[in-house]
Amino acid sequence: METTVTASQTLPNSLRTGPDDRGHFGQFGGRYVAETLMPLILDLEREYRAARHDNEFRAEFDRLLKHYVGRPSPLWLAERLTEHLRASASEGFGAKIYLKREDLNHTGAHKINNCIGQILLAKRMGKSKIIAETGAGQHGVATATVAALFGLPCTIFMGAVDVARQQPNVFRMKLLGAEVVAVESGAKTLKDAMNEALRHWVANVHDTFYIIGTVAGPHPYPELVRDFQSVIGDEAKAQILEAEGRLPDMLIAPVGGGSNAIGLFHPFLDDESVEIVGVEAAGEGLDGKHAASLAGGRPGILHGNKTYLLQDDDGQITEAHSISAGLDYPGIGPEHSWLHDIGRVRYEPVTDAEALASFQTLTKLEGIIPALESAHAIAAAERIAPTLGKDKIIIVNCSGRGDKDIFTVADALGVKL
Amino acid sequence: MTRFAATFAKPQTALVAFITAGDGDTAANLDALVAGGADVIELGMPFTDPMADGPAIQAANLRSLAKGTTTADIFAMAAAFRARHAGVPLVLMGYANPMTVRGADWFAGECAKAGVDGIICVDIPSEEDAELGPSLRAAGVELIRLATPTTDPARLPAVLSGAGGFLYYVSVAGITGLQQAAQASIEEAVARLKGATALPVAVGFGVRTPEQAAAIAKVADGVVVGSAFIDIIAEHGDAAAPHVEAFTRSLADAIHGAKEIAA
């Protein structure tokens, strides 16, 4: 006998079913692109749906993550950091802190997880050229890496200002065989690099695949990037269950576009006992220049999706600022905007100065030099852990390593290298 | 009869001229376009992130914003244009965020008040029509849709649904002002589009000379020229109007004469 089953019966009250079939998370997301790109976006969506249910695709993705990227990444109990925070906390307070070590991945950050997935999609779609945008250069390096691995020509768009201040990564990309285009338009940073990548794509849709680096852009990018990054949360869940026999009480991750954060958060969204905190870059403070789109922005439309944006009354996009180039973007992934609005995730600001301090704290106490992005999450953990009981458990996403940031940090500390 | 209908009812092909609001002396340049023989005006709303535009119009956007051009300024320019030129169709062209930031109803209402006939929004495809389309149609402002070389026949009905004014055929897969499409591909595309819609079809992107414009004018109902005007304004600044008018006249003569030449 056939029975009719409604969606609400098959998917009981889950926060993990988004986006809807038009790419919306509540009012956010969508496909706000030029008509030229629409057919390609629809093709990509069809191809991704097919790939997701293809065991061979999944097996190849898993094989590359294990043997090329080096997954699973460890879940490290940061005992010295935990003890350090307990020392200044009240009696019985100071949560136990674990670090998810995405910094130990090949190329030094979570970015590679997504690049592996997308280049497999590019191959599947028969695209012969790869493009990407990059800010600090981490996504550019990860993209150039997978392009080298698959033998595909690769062009990376990078703001001219970022090219000047991230020379080591520019050189890495060139060594990997990528062409790096210095973007001279606008403020010459990440936002402008993304504009230029879109301009190039629109003129080369027939043979070019655009590997977007974060959970933003037109549908289906926010969904597929999230799915490729969810390996972070899936692993963390299994690892904490093995280590502690229970779920964590809190997750903390830094949010620029938000791909490492959504990767950690998504597998836990339906676990109500797990509190989730995203950390936005508050730059010089929310009264000054910052990159906190949720705390300081409003919903709007940019780069193919509707989401919280830093903008003025006329809808002109304002420049973001963060000491961390990876967080220096005036928007945020649309799923984060939705999670913010429904209150499932709490987003907290952390300033440049706080991140800089935590960068040094973690380095000295754990022997781990975190990326400045990740240092924002460490700073939030330092603020929150002493307010929680000793029996509580926090997982912080150490999303990348900080070697790329030593020049920025030295400069901020007044040290001449 | 709407201004669009009256314009496209003429036997000659229409010159659709684009300039960016607030770049140079906009009022003088608009008058120069009309004096030179432009049939439809597209006034670009500057945006910080003009993703579909090439270097010339990007620079015009930034010049305008650097001078402090606001949305209110643009509606004031439009209303003043309407007061001076009662019959010339006026289109605002731009990006979704400045158009929707105060709500689609507000934007559509301001367009109607200022005498704006139509809107071209680069980054709202038919899939996201709800963002702006219903408000514009309710206010009696036409939503002009874009078709491109990648718009396949299966997709075309969705693009045409809810479209008004004219259909803008973007003749190259690319950004404004750079390469030009082969004449044969334009002729094939225009024939295909005209088979699918009663709307007039205007062709743009990469049209820079009277010769190119004349060739396209033989088959299309309108020819859109933008970056070439922007280059003139970039060169001559606030004193561009006489140059704009002379160039407009050279285009208008070529376009308006094209169909008779063909016959």
Side-chain angles (χ1 to χ4, degrees), chain A residues 21-24 27 29-43 45 183-187 191-208 217-219 298-307 309-319 330-331, chain B residues 45-55 58-59 61-62 64-65 68-74 94-102 107 120-128 130-132 145-152 154-156 158-159 168-170 172-176 178-179 205:
Chain A
D21 56 7
R22 290 167 55 241
H24 291 93
Q27 67 158 316
R31 292 177 283 216
Y32 298 88
V33 295
E35 170 62 22
T36 310
L37 292 177
M38 265 317 296
L40 184 67
I41 296 284
L42 295 171
D43 272 355
E45 187 184 350
V183 175
E184 297 286 349
S185 60
K191 169 171 83 76
D192 311 289
M194 196 151 183
N195 290 334
E196 206 58 32
L198 285 164
R199 288 182 188 117
H200 179 92
W201 196 28
V202 91
N204 296 277
V205 277
H206 56 288
D207 64 358
T208 299
H219 176 66
R298 286 178 297 140
I301 297 166
L302 181 70
H303 292 154
N305 63 146
K306 183 188 279 194
T307 194
L309 299 171
L310 299 179
Q311 56 181 318
D312 69 13
D313 289 345
D314 272 350
Q316 306 294 351
I317 307 304
T318 50
E319 294 297 333
Chain B
M45 295 179 65
F47 183 43
T48 41
D49 296 83
M51 287 155 284
D53 285 301
Q58 284 174 45
N61 278 258
L62 295 183
S64 174
L65 291 173
T69 305
T70 65
T71 300
D73 295 336
I74 296 165
Y95 292 82
N97 204 47
M99 291 185 182
T100 57
V101 68
R102 292 184 177 87
F107 182 74
I120 300 174
C121 183
V122 174
D123 51 350
I124 297 188
S126 53
E127 279 77 1
E128 303 290 352
E131 202 62 52
L132 195 57
R145 283 268 173 70
L146 303 151
T148 73
T150 62
T151 309
D152 56 42
R155 190 174 157 68
L156 190 54
V159 171
Y168 187 146
Y169 179 61
V170 173
V172 291
I175 53 178
T176 54
L178 296 180
Q179 73 273 46
F205 274 48

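In what follows, chains are A, B, ... by sequence order, proteins preceding strands, each numbered from 1.
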Original post:
Checking Leu42(A) against chain B: side chain, backbone, both or neither under 4.5 Å from a heavy atom?
Top reply: side chain
Original post:
Using non-hydrogen atoms only, which part of Leu302(A) is less than 4.5 Å away from chain B: side chain, backbone, both, or neither?
Top reply: side chain
Original post:
Is there a side-chain contact between Val101(B) and Gln316(A) (heavy atoms, below 4.5 Å)?
Top reply: no
**OP:** Output the option from Asp313(A), Val205(A), Leu40(A) having the highest count of non-hydrogen pairs under 4.5 Å with chain B.
**Re:** Asp313(A)
Original post:
Are Ile301(A) and Tyr95(B) close enough that some pair of their side-chain heavy atoms sits under 4.5 Å apart?
Top reply: no
Subject >> Leading residue by heavy atom contact count with chain B [cutoff under 4.5 Å; candidates His303(A), Glu196(A), His206(A), Met194(A)] >> reply: His303(A)
Original post:
Does His24(A) have any side chain to side chain contact (heavy atoms under 4.5 Å, CB included) partners at least two apart in sequence or in another chain, and if so, which?
Top reply: Asp20(A), Arg22(A), Tyr32(A), Glu128(B)
**OP:** For the pair Arg155(B) and Glu35(A), find out whether any cationic side-chain nitrogen is under 4.0 Å from an anionic carboxylate oxygen.
**Re:** yes
Original post:
Which atom names give the shortest non-hydrogen contact between Lys191(A) and Asp49(B), and what distance separates them?
Top reply: NZ-OD2, 2.8 Å
**OP:** With sequence neighbours excluded, tell me which residues meet side chain to side chain contact (heavy atoms under 4.5 Å, CB included) with Pro149(B).
**Re:** Tyr169(B)
Subject >> Ile175(B), part contacting chain A, at a heavy-atom distance under 4.5 Å >> reply: both
Original post:
Using a cut-off of under 4.5 Å for heavy-atom pairs, which of Thr151(B), Val172(B), Leu62(B), Val170(B) has the most such pairs with chain A?
Top reply: Thr151(B)
Original post:
Do you know which two heavy atoms are closest between Asn97(B) and Gly300(A), and how far apart they sit?
Top reply: OD1-CA, 3.1 Å
Original post:
Of the backbone (N, CA, C, O) and the side chain (C-beta and beyond), which part of Asp53(B) lies under 4.5 Å from a heavy atom of chain A, both, or neither?
Top reply: backbone
Original post:
Just wondering, do Pro50(B) and Arg199(A) contact through their side chains at under 4.5 Å, heavy atoms?
Top reply: yes
Original post:
Pick one: which of Thr70(B), Thr69(B), Ile74(B) meets side chain to side chain contact (heavy atoms under 4.5 Å, CB included) with Asp314(A)?
Top reply: Thr70(B)
Original post:
Can any side-chain N or O of Asn195(A) pair as donor or acceptor with the backbone N or O of Met51(B) at less than 3.5 Å?
Top reply: no
**OP:** Please state whether the side chain, the backbone, both or neither of Pro55(B) comes within less than 4.5 Å of a heavy atom of chain A.
**Re:** neither
Original post:
Are the side chain of Thr150(B) and the backbone N or O of Thr36(A) linked by a donor-acceptor pair below 3.5 Å?
Top reply: yes
Subject >> Segment of Gln58(B) engaging chain A (4.5 angstrom heavy-atom cut-off) >> reply: side chain
Subject >> Choice from Ala197(A), Pro218(A), Pro39(A), Pro299(A) maximising heavy atom contacts with chain B below 4.5 Å >> reply: Pro39(A)
Original post:
Taking every heavy-atom pair that is under 4.5 Å apart, which of Val33(A), Leu309(A), Leu198(A) has the most such pairs with chain B?
Top reply: Val33(A)
